[in-house]
Amino acid sequence: MLVSTFELLVKPQLPKDSVLDVIPNLSTELKNKVAQLRRNAIQGYFLTLANLGNRDLLLSLVFTIKNSADLDKLVPILDTTGSDNVFGSLTPIPSPLANKLSFSPLRLVAGDTALFLLQPNFLSFPNLLEDTDFEVRGYVEVFLSSLSGRPGNARIKVTAEHRGTFYKFAENDPNTLTNLDQYAYALPVQSGGVLQLTPDDPNT
């Protein structure tokens, strides 16, 4: 079942100089002002899932991404208890389609809530912070995992949002970050975020 769209970024919030250079009659003074205002953004996708039923669920999350070459530059994080976050060790299950990134099974205990995060992996690929030219878009779906058997209908509540961090390297020190700030905004989810999953949905 479709949850929402998503967009993962390590990009400048304002156009780079190379973009401004092609704008006719743009003064050097204005380009310098834009450069002073420009910050970079790291944006991740946050999905909160709540199990509204009285039995545990095994779920599958499927991300469909246009550019499959960027899949190895993403890192998933799963928070189920608040104390034992699974950082980067969630292994996507194999998919016959190159642009699909699937995570299964994700256990969601009855009456419990979990947080799933997918973001650019700038720790393993630090050049992303310097190149600031990373952008991935797509959509995410949730299904009952095929490992669940046939548990009947499952009712879950999902909340999807983008969260990001603005940053800029100091002009006199490329190793120092300045102008740090954060932002977050909700993404539209069908049915107010209350989803009814059935065993007849396609499983991964």
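Everything numeric here is computed off the predicted structure, so don't read it as measured data.
Under the 4.5 Å side-chain criterion, counting only non-hydrogen atoms from C-beta, Val136 is in contact with Phe6. Annotation: side chain of Asn40 is not in contact with side chain of Leu129 (no heavy-atom distance under 4.5 Å). Counting heavy atoms from C-beta on, the side chains of Val75 and Gln119 come closer than 4.5 Å. Taking the side chain as every heavy atom from C-beta outward, Leu78 and Leu115 never approach each other to under 4.5 Å.
Of all heavy-atom pairs between Glu161 and Ala186, the closest is CB-CA, 3.9 Å. Between Tyr167 and Leu128 the shortest heavy-atom distance is OH-O, 4.5 Å. Taking both residues in full, the closest heavy atoms of Thr113 and Ala50 are given as OG1-CB, 3.6 Å, listed atom of the first, atom of the second, then distance. Across all non-hydrogen atoms, the minimal contact from Thr159 to Lys157 is OG1-NZ, 3.7 Å. Nearest approach of Asn54 to Ala110, heavy atoms of both residues: C-CB, 3.5 Å. Minimum heavy-atom separation, Leu14 to Arg38: O-NE, 3.5 Å.
Put simply, Leu187 and Leu9 are part of two different groups of oily side chains (I, L, V, M, F, W, Y) that touch within less than 4.5 Å, one to the next. Side-chain heavy atoms closer than 4.5 Å link hydrophobic residues (I, L, V, M, F, W, Y) into clusters, and following such links, possibly through other members, connects Leu47 to Leu197. In this structure, Leu74 is a member of the same hydrophobic cluster as Leu123, with clusters built from ILVMFWY side-chain heavy atoms closer than 4.5 Å. In the hydrophobic clustering of this structure, Leu106 groups with Leu49; members are Ile, Leu, Val, Met, Phe, Trp, Tyr whose side-chain heavy atoms approach within less than 4.5 Å, directly or through other members.
Under the 30°/60° scheme for interplanar angles, the aromatic rings of Tyr183 and Tyr185 are found to lie parallel.
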Go through the steps for Leu195 and Arg155 under the test side chain to side chain contact (heavy atoms under 4.5 Å, CB included), then give the verdict. CA-CA 6 Å; Leu195 306 181; Arg155 190 163 169 262; over 6 Å; no

Evaluate side chain to side chain contact (heavy atoms under 4.5 Å, CB included) for Lys100 paired with Glu141, printing each intermediate quantity in order. CA-CA 11 Å; Lys100 298 286 186 179; Glu141 299 168 283; 4.2 Å; yes

Worked check of side chain to side chain contact (heavy atoms under 4.5 Å, CB included) between Arg39 and Asp181: CA-CA 10 Å; Arg39 294 181 298 176; Asp181 201 359; 3.5 Å; yes

Taking it one step at a time, do Leu57 and Ile156 satisfy side chain to side chain contact (heavy atoms under 4.5 Å, CB included)? CA-CA 10 Å; Leu57 298 175; Ile156 64 173; 3.8 Å; yes

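No side-chain N or O of Thr132 forms a donor-acceptor pair with one of Lys11 less than 3.5 Å apart. The closest side-chain donor-acceptor pair between Ser60 and Ser104 falls under 3.5 angstrom. Side-chain contact, Tyr45 with Ser4: a donor N or O sits under 3.5 Å from an acceptor N or O.
Without hydrogens or angle criteria, Glu135 side chain to Glu7 main chain gives no donor-acceptor distance under 3.5 Å. With hydrogens and angles ignored, the 3.5 Å screen pairs no side-chain donor or acceptor of Asn121 with any backbone N or O of Phe125. Checked by atom type and distance alone, the side chain of Asp112 never pairs as donor or acceptor with a backbone atom of Leu108 at under 3.5 Å.
Ser27 is linked by a side-chain contact (heavy atoms from CB on, under 4.5 Å) to Glu29, Leu30, counting only residues two or more places apart in sequence or in another chain. Scanning for side-chain contact (heavy atoms from CB on, under 4.5 Å) contacts around Asp131 gives Asn127, with sequence neighbours left out.
The CD atom of Gln43 sits 7.5 Å away from the CG atom of Leu8 when rounded to the nearest 0.5 Å. Atom NE2 of His162 is separated from atom OG1 of Thr5 by 6.0 Å, given to the nearest 0.5 angstrom.
With respect to Phe143, the side chain to side chain contact (heavy atoms under 4.5 Å, CB included) criterion is satisfied by exactly one of Leu61, Thr198, Val62: Val62.
No more than 12 heavy-atom neighbours from other residues, nucleotides or ligands sit within 6.0 angstrom of CZ on Arg107.
Side-chain heavy-atom separations under 4.5 angstrom define the hydrophobic clusters, and Val109 shares its cluster with no other residue.
Between Phe116 and Phe63, the distance from one ring center to the other falls under 6.0 angstrom.
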